[in-house]
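Presented below is the structure to which this report refers.
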Amino acid sequence: MKVSTKTSDVADLNLAGQGQDLIDWAAREMPVLALIRERFAKEQPLKGVKVAACLHVTSETANLMLTLKAAGADIALCASNPLSTNDAVAAALAAGHNIKTYAIRGEDNDTYYSHIEAALDHRPEVTMDDGADLVSVLHKARRDQLAEVIGGTEETTTGVIRLRAMADHGVLAYPIVAVNEANTKHMFDNRYGTGQSTIDGIIRSTNVLIAGKTFVVAGYGWVGRGLASRAKGHGADVVVTEVDPLKALEAAMDGFRVMTMGEAVKDGDIFVTVTGDVNVLDRMHFEGMKDGAILANSGHFNSEINLKVLDQISTGVRQARPSVQEYTLADKRRLYVLGEGRLINLAGAEGHPAAVMDMSFANQALCAEYIAKNAKTLERKVYDVPADIDSEVARLKLHAMDIEIDTLTEEQKRYLTSWEEGT
Ligand SMILES: NC(=O)c1ccc[n+]([C@@H]2O[C@H](COP(=O)([O-])OP(=O)(O)OC[C@H]3O[C@@H](n4cnc5c(N)ncnc54)[C@H](O)[C@@H]3O)[C@@H](O)[C@H]2O)c1
């Protein structure tokens, strides 16, 4: 039973109980957010602030929404990807927590954008993006609302790149805090979270054995590093392709074979793009791949694999398994595309484990508080997460993991800040 009301558009409200179980399960692994929620409930730093969030609608995101709600925020949530919504979680937020939720797994492009419009109808003062869709629609089509927005946050690399370009061109109309740039975000979420969950998505979609396969990782940034190391841990022969000489060198020194994609296609069994770039797997690559090659993407947009061209050069396409499309080429080779080329860790699995989202979303929550407190002094540019928020998240995480660390002695502080002390 699809439910579309002014205040929500979710697949089936009857799933709310199941969704609440998932939210509670994630909460077990989100102690940092829980500590922040406790403080927010007392201090109400977002009292009455209208927030629109465009995020993957998962059980972890639900915990962030509940933290913002505890802080007094008035929230509307929509999906940041048509395939990443957990319908049960969406139902729980809409029915059990009275949060305006617009998200249906598998929604078509029109519905996806109508949900973004619905979240913007909430007339947000703070936007929370994962891929800059809210910012983009506000700047292109709803400029009359821009003056109402005091600031926003951005979760992912791709969104930050877009926003920096807007700031550089002088068109960004309100300040954004780039949550992705926090060390406690990209070093953990992009690397460990995406590394593990991408492998999880591939295995759940195909049930292939990773051991013994040639596993090609395109891009050796934060995500690529995590993915390559996890694939190696599974026993794959990992090949890395890059365009940046420094990253390529790092991959080689980390023990991976580095080569061009043109070379890699001859050997590769599984290809995963994590570049944030476009057409990283293109016609010339499809033409050189082995029969049975598996293609997946874990970068933000579904443009890393040129599916349009693959479709054109195929004689037939069929659904081989729920998340697997089989493309048959003229010479009878078959290529398998996972999750329609969308983020495979969300399309084929459950996204990041809650423990890493705990840190990303702790940054989100604290940055929303920071924006509300500092709205008057922030300029129309992209800010890094303040260093004290970053180290506070690391401190809380260590505390939650029951890990203690040393502190500098007075003598050590003097030594480390003085130029006069000798060896
Ligand atoms: N799946 C997820 O849940 C998830 C999580 C975090 C980030 N992301 C997305 O993953 C992508 C990568 O993020 P990141 O933090 O690793 O970014 P990054 O900038 O650290 O790394 C990207 C790397 O790709 C390389 N690259 C660019 N074009 C290339 C090409 N044609 N061939 C080979 N390499 C190329 C760049 O040189 C760079 O080293 C982004 O789109 C980001 O938004 C997805």
Side-chain angles (χ1 to χ4, degrees), residues 55-58 60-61 79-81 83-84 129-133 154-164 178-202 216-230 239-252 254 256 258-265 268 271-282 284-285 296-306 338-339 341-354 356-357 359-361 363-364:
L55 300 170
H56 301 297
V57 180
T58 61
E60 294 82 15
T61 297
S80 60
N81 184 297
L83 287 182
S84 64
D129 259 315
D130 187 333
D133 277 338
E154 171 55 51
E155 172 78 8
T156 198
T157 315
T158 292
V160 172
I161 291 170
R162 272 195 190 177
L163 293 162
R164 285 206 202 285
V179 168
N180 184 68
E181 306 301 279
N183 289 319
T184 44
K185 197 276 178 180
H186 61 244
M187 282 172 63
F188 298 87
D189 168 323
N190 297 29
R191 184 163 44 171
Y192 303 115
T194 317
Q196 174 173 309
S197 58
T198 298
I199 299 266
D200 185 15
I202 293 169
V216 182
V217 178
Y220 201 65
W222 288 106
V223 174
R225 287 185 193 108
L227 178 59
S229 94
R230 268 43 189 169
V239 169
V240 170
T241 70
E242 250 297 344
V243 291
D244 178 333
L246 203 63
K247 301 273 180 58
L249 186 59
E250 188 185 353
D254 285 345
F256 301 112
V258 178
M259 59 185 79
T260 62
M261 188 58 87
E263 274 301 305
V265 292
F271 295 82
V272 189
T273 51
V274 284
T275 68
D277 199 354
V278 67
N279 298 341
V280 177
L281 289 177
D282 213 337
M284 61 191 162
H285 304 124
N297 167 51
S298 216
H300 189 78
F301 290 115
N302 62 343
S303 52
E304 300 210 18
I305 304 173
N306 193 340
L338 310 189
R342 296 185 195 278
L343 302 159
I344 190 56
N345 61 333
L346 286 146
E350 294 174 58
H352 299 322
V356 290
M357 294 319 294
M359 287 194 284
S360 299
F361 286 165
N363 276 297
Q364 284 280 13

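Residue numbers count from 1 along this sequence. This is a predicted model, so every value here is computed, not measured. Just so you know, ligand 1 is whichever comes first in the structure, and atom 1 is the first atom listed for that ligand.
By the criterion of a heavy-atom distance under 4.0 Å, the backbone of Val274, and not its side chain, is placed next to ligand 1. At a heavy-atom distance under 4.0 Å, only side-chain atoms of Leu343, from C-beta outward, approach ligand 1. Contacts between Glu242 and ligand 1, counted as non-hydrogen atom pairs separated by less than 4.0 Å, involve both the backbone and the side chain. At a heavy-atom distance under 4.0 Å, no atom of Met261 approaches ligand 1. Residue contacts with ligand 1, taken as heavy atom pairs separated by less than 4.0 Å, involve Thr158 via backbone and side-chain atoms alike.
Among the atoms of Val223, some N or O lies under 3.5 angstrom from an N or O of ligand 1. At a 3.5 angstrom cut-off on N or O pairs, Lys247 counts as close to ligand 1. When only interatomic distances are considered, the shortest N/O to N/O separation between Lys185 and ligand 1 does not fall below 3.5 Å. Inclusion of Thr156 in the set of residues having an N or O under 3.5 Å from an N or O of ligand 1 is warranted.
Looking at Asn363, its side chain does come within 3.5 Å of a backbone N or O of Met359 through a donor-acceptor pair. Judged by distance alone, the side chain of Gln196 and the main-chain N or O of Arg230 form no donor-acceptor pair under 3.5 Å.
For atom 15 (O) of ligand 1, the nearest non-hydrogen atom from the set Ile344, Asp130, Asn190 belongs to Asn190. Remark: among candidates Ile161, Val240, Val243, the nearest residue to atom 30 (C) of ligand 1 is Val243, based on non-hydrogen atoms.
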Inset, instruction - Report the C-alpha distance between Arg225 and Glu250 in whole Å, list the side-chain angles of each, state the deciding distance to 0.1 Å, and finish with yes or no for salt bridge (charged side-chain N to carboxylate O under 4.0 Å, His left out). - result: CA-CA 9 Å; Arg225 287 185 193 108; Glu250 188 185 353; 3.0 Å; yes

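A 4.5 Å side-chain heavy-atom check between Thr275 and Thr241 finds every atom pair outside the cut-off.
Under the side chain to side chain contact (heavy atoms under 4.5 Å, CB included) criterion, Thr198 pairs with Thr194, Ile202, Leu227, Val272, Ser298, Ile344, Asn345, not counting sequence neighbours.
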